[in-house]
Amino acid sequence: METKKLNKITALWIVAILVLFILSIILGIIMRLNQGELIKIQPPTFYADMTTHGVTMIGIWFVAGMAAVNYFMERYVKTSYTANMFAMVMTVIGVVMLWLSTLVGNFHAGWTFLYPLPFKIMWSTWATPLFLWSIGVFGIGWFVWTISLMAAMLKKYSMSQVLAWQHFGKKDPEVSTPPFVLISMISLIGVLTCLIAAVILLILLFAEYYSGGTFKNDALLIKNLTYFFGHTIANEMLYLGLAVIYELFPEVSGRPKLKTTWYVALAWNLTLFFVLAAFFHHLYMDFVQPEGLQIIGQLASYLASLPSSGVTVFSIIVVVFRNKINWSLTNSLFFIGIVGWVVGGVGAVIDATISNNFILHNTLWVPAHFHTYNAMGNVLFSLGFFHWFSKYATNHSLPDKYSFVKLAILIIGGVGFLLAFYIAGADSVPRRYSTYPKGLESAKTLAAVGGVFAIVYLTGILSFFVNISKRCLNVLFQRS
Amino acid sequence: MQQSLLSLFLILSGIIILVFILVYLSSIQSQPQQGMKNPLQKRFWFITIMVVVLGMFFFITIPKSPYYLYANEQPARIVHTVSSQFVFLMSNQDIDPAQPMGENIELNTNELVEFRVTSLDVTHGFGIYNDKYELVAQTQAMPGYVNKLRWKFSEPGKYYILCLEYCGSGHQVMKSFFNVK
Ligand code: HEM
Ligand SMILES: [Cu+2]
């Protein structure tokens with residue numbers, strides 16, 4: 001697509017994502033303050049808030065990764081404006097349907113809407129189908145976008161080239177696959193797989209819903225499908241962010257472009273499989289699940305950490321170590337985001353160990369680690385891109401002001417918010433409780449402290465939002 | 001146990017953050033581009049160490065998985081547990097789903113108990129907390145399935161059951177207890 005169109009649609013994504021992000025953080029703060037009993041909302045309101053927060057956050061950081069990948073993909077292949085726009089329209093419609101179902105209809109089955117909870121109606125009856133259809137609308141929009149990006153890549157590269165197989169055993173093959181293309185393809189295959197799982201999941205749920213009680217689903221099968229979809233999409237969106245880092249980090253740092261080598265190719269090809277099998281760790285506490293799958297779950301979760309740390313993180317370290325780097329806000333965000341991603345990964349691996357999961361599963365340890373690689377990982381990856389894009393597209397070359405202060409606020413707020421989750425998790429505090437029962441002594445205080453730090457984090461985000469969105473609006477309303 | 005996991009996490013995170021700070025500092029000391037010597041070799045060693053450490057963890061922890069707890073012993077007690085929005089019922093007898101009834105449960109220390117856990121409506125979580133509100137064991141309560149959790153209580157006292165799977169607007173009040181003599 002033309003550069004001007006690409007810039008406009010990317011700017012529109014960025015503004016929409018940031019606005020929804022701020023609203024969702026506010027929902028998050030409301031939850032934490034309610035758990036800390038500094039404010040009081042009714043449990044159904046709390047859980048509707050939680051459901052909105054969860055789905056919106058997953059949705060926006062997924063499309064943030066997609067929008068960034070689409071933007072850079074245009075450097076290598078021709079991508080489709082129509083598909084990008086279609087995804088935008090479907091995402092907006094989906095968000096409206098979602099928020100209507102939760103905030104008006106009071107649907108509150110959680111972002112994983114674990115069967116059969118959506119059918120035990122404790123809210124307006126229309127809210128259940130509306131919620132499920134909102135997921136369907138997201139799914140259709142993102143499916144088309146994913147397919148269109150893959151097709152664009154496959155027009156230029158063959159399937160084996162896009163997966164960089166020619167790099168195995170050869171030092172300098174004739175066609176070299178850029179790491180960005182390789183990682184994007186690996187992630188998009190994962191995205192496609194989990195969207196297909198989502199479609200099957202929705203078909204099964206609708207079959208029961210519209211069958212009038214003649215068709216009943218199997219709870220264990222649906223739980224497997226739910227987490228195959230939920231876990232995978234939450235992971236692939238991080239990999240989309242990493243593709244962008246491979247592309248942009250060396251560029252803004254004044255270092256040579258990263259190249260695909262045999263070990264980069266191998267690592268990412270393996271990642272595809274490890275990530276797809278890791279979701280089994282969500283079912284460790286279902287003792288009826290076949291034991292072999294439980295062990296595969298722990299093995300895949302461990303293995304998934306090897307290529308990420310040994311190849312991706314190590315490559316970033318090699319770029320930076322004892323090399324002069326043009327540090328700017330963009331690559332600082334990337335660098336700090338990598339730290340958040342790795343630290344969250346450590347929390348995840350601890351929890352993905354079956355014998356630990358026995359005492360950590362569904363405690364606040366879980367939101368602790370996934371918020372680490374989201375709020376302090378993926379968000380920073382995307383923010384780095386947003387910031388860079390907003391300057392690049394407006395030919396803005398002035399140095400960034402107050403970078404240090406902005407980053408410090410974000411880090412202090414983020415670390416405090418997360419530590420409150422981790423400590424509560426280690427204190428056995430359950431996740432998804434609107435308020436805490438008496439005996440859980442530390443829970444209430446930690447929630448209040450976490451809420452206050454989250455406000456600090458929000459302040460940091462607002463400071464980024466102002467500049468980025470101002471420049472993005474300029475891009476949007478530019479005439480020529 | 002949870003506290004030692006938290007310590008492990010904090011120590012590892014501290015090391016990671018330190019490494020990144022050192023890498024960052026190495027990049028701002030104004031010297032010509034030196035780079036890392038022999039990065040491929042270092043990468044190889046790093047991955048090898050990771051594989052060894054994770055491999056050790058894997059083989060040590062897998063046998064401790066709850067599926068294998070007391071697998072070769074005969075349970076002295078069977079506790080049938082039925083959950084529904086938003087109560088847990090426990091009984092020494094089989095519970096009839098048509099007329100679910102629970103009773104007070106008293107267990108002895110160090111006897112092997114098997115909890116047979118299921119649900120009548122949505123998925124719940126059966127989390128056993130000791131009287132200091134530390135989570136000691138759990139399994140899921142899923143409709144259509146019975147999860148068997150085996151456990152020996154070494155400490156006498158009151159134990160609480162909290163719901164550990166989100167089950168709707170009363171999730172946070174879903175609670176029960178039993179005693180261990
Ligand atoms: C500072 C910003 C944020 C705050 C204050 C916040 C707060 C919260 C709180 C309080 C919960 C409920 C925890 C519980 O189970 O008791 C939650 C859940 C969740 N958050 Fe966040 N969060 C933030 C950022 C994010 C980000 C960036 C993501 C990105 C993916 C995210 C995704 C989720 C998800 C998926 C859930 C689970 C919802 C559910 O259980 O259904 N959050 N958040
Ligand atoms: Cu519950």
Side-chain angles (χ1 to χ4, degrees), chain A residues 43-44 47 108 110 114 116-117 120 122 218-220 223 285-288 291 294-295 298-299 302 305-306 309-310 314 317-318 320-325 327 335 339 342-343 346-347 350 353-356 358-363 422-423 426-428 430 432-437 439-441, chain B residues 1-3 5-6 8-9 12-13 16-17 20 23-24 26-28 30 33-36 39 43 46-47 50-51 54 57-58 61-62 64-67 85 121-123 125 127 129 133-140 142-145 147-149 160 162 164-169 171-172 175:
Chain A
Y47 293 121
H108 54 269
L114 189 60
L117 194 52
K120 291 280 178 279
M122 301 174 269
D218 180 273
L220 188 61
K223 189 169 178 187
M285 291 304 112
D286 293 279
F287 296 177
V288 284
E291 238 160 68
Q294 309 285 26
I295 293 171
Q298 180 164 339
L299 193 62
Y302 277 25
S305 69
L306 288 176
S309 60
F314 210 92
I317 289 182
V318 172
V320 176
F321 187 67
R322 289 192 161 185
N323 282 316
K324 207 162 161 354
I325 295 288
W327 285 108
F335 198 70
V339 182
V342 177
V343 169
V346 171
I350 290 177
T353 306
I354 302 171
S355 57
N356 297 338
F358 193 42
I359 47 171
L360 291 178
H361 183 66
N362 280 347
T363 66
Y422 280 107
I423 297 171
D427 281 350
S428 306
R432 294 171 158 173
Y433 269 32
S434 59
T435 48
Y436 296 114
L440 289 160
E441 307 238 318
Chain B
M1 182 63 190
Q2 285 96 329
Q3 296 304 327
L5 291 177
L6 179 63
L8 174 70
F9 168 76
L12 289 175
S13 305
I16 290 164
I17 292 168
F20 274 87
V23 169
Y24 168 75
S26 80
S27 81
I28 53 171
S30 56
Q33 314 288 40
Q34 288 181 318
M36 189 185 283
R43 195 188 291 264
F46 176 76
I47 294 182
M50 285 275 294
V51 169
L54 284 175
F57 267 111
F58 184 81
T61 59
I62 283 287
K64 296 190 175 150
S65 303
Y67 328 122
Q85 286 174 327
D121 44 34
V122 301
T123 300
Y129 282 71
Y133 274 85
E134 291 160 345
L135 177 58
V136 294
Q138 68 169 308
T139 189
Q140 291 261 307
M142 184 180 264
Y145 290 91
N147 285 318
K148 295 179 183 167
L149 165 65
Y160 298 95
L162 296 189
L164 281 185
E165 186 62 70
Y166 175 63
C167 56
S169 51
H171 173 52
Q172 73 287 354
K175 198 174 169 186

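Lettering follows sequence order; numbering is per chain, from 1.
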Legend entry - Parallel, tilted or perpendicular: rings of A/F335 and B/Y24 (30°, 60°): tilted

Legend entry - Proximal component of A/S434, with respect to chain B [non-hydrogen, under 4.5 Å]: both

Inset, instruction - Check whether any side-chain heavy atom of A/P116 lies under 4.5 Å from a side-chain heavy atom of B/V122, and answer yes or no. - result: yes

Inset, instruction - Quick one: which of A/T435, A/L440, A/V343, A/I359 has the most heavy-atom pairs under 4.5 Å with chain B, could you say? - result: A/I359

Legend entry - Partner chain A: residue of B/E134, B/K64, B/H171 with the largest heavy-atom pair count (under 4.5 Å): B/H171

Inset, instruction - Identify which of B/L54, B/D121, B/V51 forms the greatest number of heavy-atom pairs closer than 4.5 Å to chain A. - result: B/L54

Legend entry - Rounded distance [0.5 Å steps], CZ in B/F46 versus CG in A/L306: 9.0 Å

Inset, instruction - Go through the structure and list residues passing salt bridge (charged side-chain N to carboxylate O under 4.0 Å, His left out) with A/R432, not counting sequence neighbours. - result: B/E165

Legend entry - Under 4.5 Å from a heavy atom of chain B, the part of A/E291 involved: side chain

Legend entry - Most contacts with chain A, counted as non-hydrogen pairs under 4.5 angstrom, among B/T123, B/T61, B/I16: B/T61

Legend entry - Matching residue for B/Q172 among A/Y47, A/Y436, A/Y433 - test: side chain to side chain donor-acceptor pair (under 3.5 Å): A/Y47

Inset, instruction - Please report the shortest heavy-atom distance between A/R322 and B/S26, naming the atom on each side. - result: N-OG, 2.9 Å

Legend entry - Minimum heavy-atom distance B/V23-A/I317, with the two atoms named: CG2-CG2, 3.9 Å

Legend entry - Short side-chain to backbone donor-acceptor contact, B/T139 and A/M285, under 3.5 Å: yes

Inset, instruction - Select one option (side chain, backbone, both, neither) describing which atoms of B/M142 are under 4.5 Å from chain A's heavy atoms. - result: side chain

Legend entry - Heavy-atom side-chain contact between B/Y166 and A/L114 under 4.5 Å: no

Inset, instruction - For chain A, find which of B/L6, B/L149, B/I17, B/I47 contributes the most heavy-atom pairs closer than 4.5 angstrom. - result: B/L6

Inset, instruction - Could you tell me which of B/L162, B/V136, B/L135 has the largest number of non-hydrogen atom pairs under 4.5 Å with chain A? - result: B/L135

Inset, instruction - Check A/S428 against B/Q2 and note the closest heavy-atom contact, atom names and distance. - result: OG-NE2, 3.3 Å

Inset, instruction - Look at atom CD of B/Q3 and say whether more than 12 heavy atoms of other residues, nucleotides or ligands are closer to it than 6.0 Å. - result: yes

Inset, instruction - Looking only at non-hydrogen atoms, find the nearest pair between A/F287 and B/K148 and report the distance. - result: CD1-O, 3.2 Å

Legend entry - Verdict with supporting geometry, B/I28 and A/W327, side chain to side chain contact (heavy atoms under 4.5 Å, CB included): CA-CA 9 Å; B/I28 53 171; A/W327 285 108; 3.6 Å; yes

Legend entry - Option in B/M36, B/M50, B/Q138 with maximal non-hydrogen atom pairs under 4.5 Å from chain A: B/Q138

Legend entry - Per-residue contact mode, A/I295 against chain B (heavy atom under 4.5 angstrom): both

Legend entry - Residue part contacting chain B, namely of A/T363, when any heavy atom lies under 4.5 Å: side chain

Legend entry - B/F20, part contacting chain A, at a heavy-atom distance under 4.5 Å: both

Inset, instruction - Assess the pair A/Y302 and B/F57: is the distance between their ring centroids shorter than 6.0 Å? - result: no

Legend entry - chain B contact via A/D218 - side chain, backbone, both or neither, heavy atoms under 4.5 Å: side chain

